[in-house]
Structures are given as structure tokens and as C-alpha cells.
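Below: the structure, in C-alpha cells.
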Amino acid sequence: MTVQYKPSDLINQIRQNNFSYSHSTIKKVTEANADIEKLQDKAEAFKKSVKKLKRYSAGGISRDLLESQVEDLVKSYNTMKSSTDDVTDKDVLKQITKLEKLFSDNEKNLKKIGIEKENGKYTFDSKTFAEATDKTINALFEGHDSFIAQADKIMRKVDETASDAQYNTHEYKISQTQKYEESDMLMASYMTLAGQTTSAIQSCDKLIQSGQLTDNDVQNSVKTLLKYFAQSVYRTDSTPENENRDRLNQLCLDQKDKLADLGLTFDNDQKEMKFNDTLDITTTSFQNAYNDLFGQNAAFGNAVSNYCKEIFNDIILPDKIGVSIIDTQI
């Protein structure tokens, strides 16, 4: 679960941690299963030998060729079976067990053609095969329910289950630390204050339009907000460089005439914004400027709020450090 922070809480956390934030992420990596791939490689030869014998028909091939194919079947089965020693996938092992049972169930007839299990492996005796009757051979290699047909069916399931198990997804916990400068946190703090102040100024619009500015407490509250706005929203600090901050500054400069009606002015070098707390804020010009800049759906106020969020995110990089920010500008 993503950790949630209020902007000011996260800034304090970073400051307390020597201007850094440590976090852990889970990285998912898909890797090939070497044991399954080994089985797939060895199973290929056995599948080919099964396919050849599945095409058997009485009198269709010579005894010598048939003997060679049966011998290949035994050798490739033993090789494939030994490659399953390290396989752990249950579905794959289930099919291999079915194949083992198939050999066991047909033990008597297999023995008649020279296939016999000794010390855990199957052997092939050509002399016994030479003496085997056509009836015994046909029973093993002809028909939909024959030994070889069932082996082919099982191998198709081995193919399917091995393909499903070929790749595994592993999760790795990776610890990372994001470093910041003290100036980063200072700018992030200013933008947090600017965003919250802008939201509060916008919420006062109805009070101002309803003529409640004659109340001294309301006047003092509005003036305090405008003072904080001037101190935080317009920053010309040289570091950290930020395009969104430059755009925010320019936005303020573009509205300097209306801002002046609110008592918000710039020095001659346009290095800082100040608020004139002696301004009479009960005038019509103040109220009109307030409505134009911070009234309901006013483009300036909304743009300031968005820029403050963007600048904060540019500096803190919430996505990179695995946190989500609780919006306190509401």
C-alpha cells in the first residue's frame, strides 16, 4: 500500500532524515525456469520417438527399423525422466507420474518386446524383441487406446503444462534513498503554504462579495492571508531551478495591475512580492480585483493552485519515492 502524507508532514519527515527519504519498492522480474527448460529439451527427443511409433502399422516398416525406433523410445524416455529430478511444478510432475504409470500398467507386454525396468531405468533387449510376436507389437503400437497412443496424449499435456511453468515471476524488494537539498525543502514549504493560502483566499470570496469586510476580524483574516500569499507564492530564489516556478512567477507578473489593487506589489527589481497591510480593503476596486483573481472559477487562483502542486511534485517526486500526497488545498 502506498504511504500517504500531507505535504508539510512529508517535508518534516525528509528534514528529520537528513534531507533524504528512504523507501522500498517491489520489483517483479520474470525469469525462465531452468529445470523446466531442461525437461522440455529432453522431452523433445522422446516426443519424436513416440510420434514415429504412433504411425506404426502392421507390416508397414521392417523389423530392423521398428527395433531402432523402440530402442530410441527407451533411451529418450530414460533421458527425459532423469531431467525431471529438479522439477517442482505440480502440474508437470502429475503428467510425468501418469507416464510412469502407463509404463507400469503395460509392464508385461513391454517386457515381451524387450523393454524392462532395471535399477530405476528401462533397458531394451534386442534378442527379446526379435522373438516378440506381431500380436504383442501390434497391441502396443496400434489403435487409439494403445500404449503409444496414450503416451502421445500424455506428452501433449506435458508440453502444455511445461509451457505454463516455463516462466516464473519473482518479487525482489529494493531499498532506495532519495536525497534532497535544504533549498529543495524550503521551496517545497513555500509552495505548500502558497497553495493552502490560495485555497483559503478563494474560500473568502463569498464573505467579501456579501459586504462582510466591514468586520475587523474578517479584514484581519483576509490581510493575513494576502500577506502569506505575497511571502510564499512569488519566489525568485536561484535554486532549485524549476520551469513551473518560473511560469508561476510570470503569471503573477502578468497580473501585477490587479494584484496591486489587492495591495500586492513587486519591488523595482521584481525580486519579491509584498503586501501593503494599510490598504483599505473595503473599496470597490479591491472587491472587483479579488473577484477577478480569486473568485469562483477564477483562472488566476486556479492556475496558482495547480502550479504550487506541480512545483511541489517536481521537487519531492512522490511517484519516485512511492508516496501519495493528501491534497490540503481543498
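Hydrogens, waters and symmetry mates are skipped; everything else that's a heavy atom, side chains included, is used.
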**Request:** Can you tell me which residue pairs pass the ring-ring contact (aromatic ring centres under 6.0 Å, His included) test with a partner in residues 152-203, sequence neighbours excluded?
**Result:** none
**Pairwise ring-ring contact (aromatic ring centres under 6.0 Å, His included) hits with a residue in residues 88-126, at least two apart** = Tyr77-Phe103, Tyr77-Tyr122, Phe103-Tyr122, Phe103-Phe147, Phe124-Phe129
**Request:** Scan for salt bridge (charged side-chain N to carboxylate O under 4.0 Å, His left out) pairs involving residues 21-30, sequence neighbours excluded, and state none if there are none.
**Result:** Lys28-Glu171
**Prompt:** Tell me, which pairs form a salt bridge (charged side-chain N to carboxylate O under 4.0 Å, His left out) where one or both residues lie in residues 145-165, sequence neighbours left out?
**Reply:** Lys47-Asp159, Lys51-Asp152, Asp152-Arg156, Lys157-Glu160
Please examine the side chains of [Y] and [X], heavy atoms only from C-beta on, and report whether any two atoms are closer than 4.5 Å.
X      : Y      : result
Thr328 : Pro7   : yes
Lys98  : Gln150 : no
Leu226 : Leu264 : yes

Regarding [X] and [Y], is there a side-chain donor-to-acceptor distance under 3.5 Å anywhere?
X      : Y      : result
Ser8   : Thr192 : no
Asp280 : Thr282 : yes
Ser20  : Thr177 : no
Gln202 : Asn302 : yes
Asn276 : Thr278 : yes
Thr133 : Thr136 : yes
Asn17  : Gln13  : no

**Request:** Output all residues satisfying side-chain contact (heavy atoms from CB on, under 4.5 Å) with Asp134, sequence neighbours left out; order by chain, then residue number.
**Result:** Arg63, Asn138
Is [X] atom [atom1] crowded by more than 12 heavy atoms from other residues, nucleotides or ligands, each under 6.0 Å away?
X      : atom1 : result
Glu31  : CD    : yes
Lys309 : NZ    : yes
Lys135 : NZ    : no

Does a side-chain N-to-carboxylate-O contact under 4.0 Å join [X] and [Y]?
X      : Y      : answer
Lys274 : Glu272 : yes
Lys127 : Glu131 : no
Asp267 : Lys271 : no
Asp277 : Lys223 : no

**Asked** So which heavy atom on Asp125 is nearest to which on Thr128, and how close?
**Response** OD2-OG1, 2.6 Å
**Request:** Check Ser146 against Leu140 and note the closest heavy-atom contact, atom names and distance.
**Result:** CB-O, 3.5 Å
**Message:** Determine whether Ser305 and Thr198 satisfy the following criterion, side-chain hydrogen bond (donor to acceptor under 3.5 Å, both in side chains), listing intermediate values before the conclusion.
**Reply:** CA-CA 7 Å; Ser305 294; Thr198 301; 4.9 Å; no
**Item:** From CD1 (Ile115) to CD (Glu71), nearest 0.5 Å
**Value:** 10.0 Å
**Prompt:** Going through the distances and angles, do Tyr234 and Phe229 end up as a ring-ring contact (aromatic ring centres under 6.0 Å, His included)?
**Reply:** CA-CA 8 Å; Tyr234 187 80; Phe229 181 85; 10.0 Å; no
**Request:** Start with the C-alpha distance between Lys111 and Glu107, add both sets of side-chain angles, then the distance that settles salt bridge (Lys or Arg N to Asp or Glu O under 4.0 Å), and finish with yes or no.
**Result:** CA-CA 6 Å; Lys111 189 174 181 180; Glu107 182 180 356; over 6 Å; no
**Asked** Under the 3.5 angstrom rule, does the side chain of Ser203 hit a backbone N or O of Ala200 as a donor-acceptor pair?
**Response** yes
**Asked** Partners of Tyr228 by ring pair (Phe, Tyr, Trp, His ring centres under 6.0 Å), sequence neighbours excluded?
**Response** none
